[in-house]
Number of protein chains: 2
Amino acid sequence: MRFSQQRETIINIIHSTKIHPTADWIYRKAKKYIPNISLGTVYRNLKQLEQDQLISTIFDGSVARFDSNMERHDHLKCKICGSLTDLTLDYDFKSTVKQKFNFIADEIEMTIIGTCSKHN
Amino acid sequence: MRFSQQRETIINIIHSTKIHPTADWIYRKAKKYIPNISLGTVYRNLKQLEQDQLISTIFDGSVARFDSNMERHDHLKCKICGSLTDLTLDYDFKSTVKQKFNFIADEIEMTIIGTCSKHN
DNA sequence: AAAAATAATAGTAATCATTACTATTTATTT
DNA sequence: AAATAAATAGTAATGATTACTATTATTTTT
């Protein structure tokens, strides 16, 4: 993977926020630095960064959001404001599903949906 | 909600399978009974059934799948064959997130990703 | 049982997120 | 400095889903 100003900018943008931005949000931010950057470039780089395990993709309903936090963690999703917040819960279901279903678990995605502290 | 043969057929199809079908899969099945049924009709009814809490929607990556199992449950997703299997794990994180984050949890979505028993 | 009211449909067009394509540009190697 | 090939911009294409509208079917009223 060769250096490019576009990719560098995209990486910086993702690392600068905790909001788990969409491709379009990243694109609009990136345009402030590189006005003629293309949305395709954003998507292509996001896919590449995910393949190289530098970011991960969260599917929030039908749109993809991108996360620079590569530690194992879960999410709180607020129904009111749509915010997605990181948290880390303690559990281990990998051994359970191996025993009960002979299923070899690689990762566990957990999203807790409800109302965040801002609205109560 | 008034009766319609189309909706009745869609409900029967969803209840007849455990594969968590997509809208398109339901549409192709439904055409065997109602050859000129429209894909829009399938989507409109699926949305309506979800609103009435008769089915639920699972977002599998970027495509929606539909589930007639309305009991609280989790999913095992196989990376090899793409299968999505129901299971029910025992946990309670609602009280934890209320205490730690003042977050009022309504539901928890958990998908365990890995390799199912067919491939090992 | 016929007429009136309106929910639901088929068929098609539009939308939105994402991916594919291609000629050109840019980073790296020779 | 020239050669090589990865990356880009801009645009077209795709696939899932939603919106629109004239017509059809179900339910209610008479």
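So you know, we letter chains A, B, ... as the sequences are listed, proteins then strands, and number each from 1. Quantities reported herein were computed from a predicted structural model and do not represent experimental measurements.
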Margin query: Counting C-beta onward and ignoring hydrogens, is there a side-chain heavy-atom pair between Ile14(A) and Leu46(A) closer than 4.5 Å?
Written below: yes
Note to self: I need the CZ-C1' distance between Arg28(B) and dA16(D), as an integer number of Å.
What the structure shows: 13 Å
Margin query: Would Glu109(B) and Phe59(B) count as a side chain to side chain contact (heavy atoms under 4.5 Å, CB included) here? Give the steps.
Written below: CA-CA 10 Å; Glu109(B) 281 179 11; Phe59(B) 287 96; over 6 Å; no
Notebook entry, point to check: How many Å lie between CH2 on Trp25(B) and P on dA16(D), as a whole number?
Noted result: 16 Å
Checklist line | Of Asn45(B) and Ser62(B), the one whose closest DNA chain C nucleotide lies more 5' | finding: Asn45(B)
Next item on the list: May I ask you to check whether His75(A) and Asp67(A) show a side-chain donor-acceptor distance below 3.5 Å?
Entry: yes
Margin query: Show, in sequence, the C-alpha distance, side-chain angles and deciding distance for Gln5(A) and Phe3(A), and conclude whether the side chain to side chain contact (heavy atoms under 4.5 Å, CB included) test is met.
Written below: CA-CA 7 Å; Gln5(A) 194 58 63; Phe3(A) 169 89; 3.9 Å; yes
Item checked: Euclidean distance, atom CG of residue Asp24(B) to atom C1' of dT14(D) [Å, nearest integer] -> 14 Å
Notebook entry, point to check: Hey, does Ile26(B) have a side-chain heavy atom less than 4.5 Å from the side chain of Lys29(B)?
Noted result: no
Next item on the list: Report the distance from atom CG of Leu49(B) to atom P of dA8(C), rounded to the nearest whole Å.
Entry: 11 Å
Check: Relative to the 5' end of DNA chain D, which residue comes earlier, Phe66(B) or Met1(B), by the nucleotide with the nearest heavy atom?
Finding: Phe66(B)
Next item on the list: Nearest whole angstrom, please: distance from the P of dT18(C) to the CG of Asp60(A).
Entry: 11 Å
Check: Starting at OH of Tyr27(B) and ending at C1' of dT12(C), how long is that distance when rounded to a whole Å?
Finding: 12 Å
Margin query: Donor-acceptor check, side chain of His73(A) to backbone of Asp86(A), threshold 3.5 angstrom: yes or no?
Written below: no
Item checked: Shared hydrophobic cluster, Ile37(A) / Tyr33(A) (ILVMFWY, side-chain heavy atoms < 4.5 Å) -> yes
Next item on the list: Give a yes or no answer on whether the side chain of Arg65(B) reaches the backbone of Ile19(B) with a donor-acceptor pair at less than 3.5 Å.
Entry: yes
Note to self: Near DNA chain D, counting only heavy atoms under 4.0 Å, which residues of residues 2-13 of chain B show up?
What the structure shows: Arg2(B), Phe3(B)
Notebook entry, point to check: Can you find a side-chain donor-acceptor pair between Thr57(A) and Glu50(A) that sits under 3.5 Å?
Noted result: yes
Check: Quick one, which residues of residues 29-44 of chain B touch DNA chain C with a heavy atom under 4.0 Å?
Finding: Asn36(B), Ile37(B), Ser38(B), Thr41(B), Arg44(B)
